[in-house]
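Read through the structure below, which is laid out as structure tokens, and then see the notes.
Both backbone and side-chain heavy atoms feed into the values below; hydrogens, waters and symmetry mates do not.
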Amino acid sequence: MPELPEVETVARGLRQTIPGRRILAVRLGKTDFIDDPAALELHLPGRRIESVERFGKFMLLRLSSSALNDSTQENGEGAAALLVHLGMTGHLAPQAAAEPHQKHTHVWLELDDGRELRYTDPRRFGRIAYLAGAALRDELLRFGAEPLEIGAEEFAGRIRSRSARIKALLLDQSVLRGVGNIYADESLWRAKIHPARQGSSLSVKEAETLRRMLQEILRHAIAMRGSSITNFLDAAGEPGEYQRRHRAYGREGEPCYRCRTPIRRIIVAGRSTHFCPNCQAKTRPKKARSARRIQKKKAKRGRG
DNA sequence: CGTTGAACCTGTTTGC
DNA sequence: TGCAAACAGGTTCAAC
């Protein structure tokens, strides 16, 4: 379920009721997706969750500086946080402790208000890590720019300096943090850029169009609480609505909304990639444009 | 530095 | 209906 808009939706839901709560105890099931399970059991009990932030596709639960009875143990560690990545099938939501848990629930954080913050993830492609101080800072430094905040110059620089395919670059979390398969395809469709083109082949203008389309789509998707392809639900149990706005993703064989050409599905960067073979030409569409320009020039000359 | 393919794991959909 | 294959919103790593 989780690209930037879906993670943002979950984070906003958690923000309603989680900040200020203290973690009393930790219970773990399967732990192969947790960086250091023992660190959770050691460091979380007693900590208060100060805030819930989104960082790319991660949720960052900022933790109070130290446990209640444990003021000296972590001197110098600095800011601490629990990083939660939902992978493909992860869910993080609070539930009354008395509520029976779902299958594939692997983490229970007992809170001080009778609820448990539970992490459920059938495929366990997600990731959970307790990090503090330099380790936290270094981990966050691995990631690229925030797609909603990046400016024109930096975006063009990060894209046009690379020979990798544009789709691969959009998915590369060290370039941009938070873009996944759906929103990569959607933004390339909107920008009329072929997903297999090299980043270095994009003009400044094309890069800027892509940045604007990407940001517009992400903002719109957040407003609609994300895309619910299978079973994504926000914190209130509501599905997102943005899947109804998809123009390329999941539309193989269906007509392009612009030109009615059937949407094609290919594999790029190892991922299903949906695009319009007519609107999103493989090479820069300069032939048609320059031909038109020449005609206009001729017409102008003729008139002048 | 970049690409490809496989791997991780389980559930659901599709096709014969 | 049944079973197997294909596919899934993500990331990482080895091999080239």
So, is Arg271(A) near the phosphate of dG9(C), with a side-chain N or O under 4.0 Å from OP1 or OP2?
yes
Measure from CG on Leu170(A) to P on dG10(C) and round the result to the nearest Å.
12 Å
Check whether any side-chain nitrogen or oxygen of His85(A) sits under 4.0 Å from OP1 or OP2 of dT11(C), and answer yes or no.
yes
With the side chain of Lys103(A) defined as its heavy atoms from C-beta on, choose the nearest nucleotide among dA8(C), dG11(B), dG2(B).
dG11(B)
Below the 4.0 Å mark, does dG9(C) have OP1 or OP2 next to a side-chain nitrogen or oxygen of Tyr183(A)?
no
Expressed as a whole number of angstroms, how long is the span from Arg123(A):CZ to dC9(B):C1'?
7 Å
Please report, rounded to the nearest Å, how far the C1' atom of dG9(C) is from the CG atom of Leu86(A).
11 Å
Roughly, in whole Å, what's the span from CG in Asp32(A) to P in dG10(C)?
20 Å
Arg225(A)/Glu8(A) ion pair, N-O < 4.0 Å:
no
Among the nucleotides dT10(B), dT11(C), dG2(B), which one has an atom lying closest to any side-chain atom of Gln173(A)?
dT11(C)
Would Lys57(A) and Glu3(A) pass as an ion pair if we require N to O under 4.0 Å?
no
Taking only side-chain N and O atoms of Thr89(A), does any of them lie within less than 4.0 angstrom of OP1 or OP2 on dG10(C)?
no
Say you pick atom P in dA6(C) and the same atom in dA6(B); how far apart are they, in whole Å?
12 Å
Can you identify which nucleotide, out of dG10(C), dT3(B), dG9(C), has its nearest atom closest to the Ala164(A) side chain?
dT3(B)
Phe143(A)-Phe58(A) aromatic ring centre distance below 6.0 Å
yes
Could you tell me whether the phosphate oxygens of dG11(B), OP1 or OP2, come under 4.0 Å of any side-chain nitrogen or oxygen in His104(A)?
yes
Taking the P atom of each, how far is dG9(C) from dT14(B), in whole Å?
14 Å
Tell me whether the side-chain N/O atoms of Arg124(A) come closer than 4.0 Å to OP1 or OP2 in dC8(B).
no
What is the distance, rounded to the nearest whole Å, between atom CG of Asp121(A) and atom P of dC8(B)?
16 Å
Angle class for the His106(A)/His104(A) ring planes (parallel below 30°, perpendicular above 60°, tilted otherwise)?
tilted
Checking Gln198(A) side chain against Ser163(A) main chain: does a donor-acceptor pair fall under 3.5 Å?
yes
How is the hydrophobic cluster of Trp189(A) composed, in terms of its other members, when Ile, Leu, Val, Met, Phe, Trp and Tyr link through side-chain heavy atoms under 4.5 Å apart, directly or indirectly?
Tyr257(A), Ile263(A)
Within the 4.0 Å heavy-atom criterion, would you say Gly180(A) contacts the bases, only the backbone, or no part of the nucleic acid?
sugar-phosphate
Rounding to a whole Å, what distance do you find between Leu83(A):CG and dG10(C):C1'?
15 Å
Report the nucleotide, chosen from dT11(C), dC7(C), dG9(C), that has the shortest atom-to-atom distance to any side-chain atom of Pro2(A).
dG9(C)
Atom CZ in Arg22(A), atom OG in Ser64(A): separation rounded to 0.5 Å?
5.5 Å
Under a 4.0 Å N-O cut-off, is there an ion pair linking Asp113(A) with Arg115(A)?
yes
Take the protein atom CE of Met59(A) and the nucleotide atom P of dG9(C), then report the distance between them rounded to whole Å.
19 Å
Where DNA chain B forms runs of at least three Watson-Crick or G-U pairs (i with j, i+1 with j-1, under 3.5 Å), the stems are B:2-8 with C:10-16, B:10-16 with C:2-8
From C-beta outward on Arg265(A), which listed nucleotide comes closest to its side chain: dA8(C), dT10(B), dG9(C)?
dA8(C)
Quick one: label Arg162(A) by what it contacts on the DNA or RNA (base, sugar-phosphate, nothing), any heavy atom closer than 4.0 Å.
sugar-phosphate
Whole angstrom value for the distance that separates C1' of dG9(C) from CD of Glu186(A)
12 Å
Where the side chain of Arg47(A) meets the backbone of Ile49(A), is there a donor-acceptor pair that is under 3.5 Å apart?
no
5'-most contact on DNA chain B (nearest-nucleotide basis), Ile267(A) vs Leu169(A), goes to Leu169(A)
Taking the six-membered ring for Trp, does Phe125(A) stack with dC8(B) (centroid gap under 5.5 Å, planes within less than 30°)?
yes
Of the nucleotides dT10(B), dT11(C), dA8(C), which has the atom closest to the Lys30(A) side chain?
dT10(B)
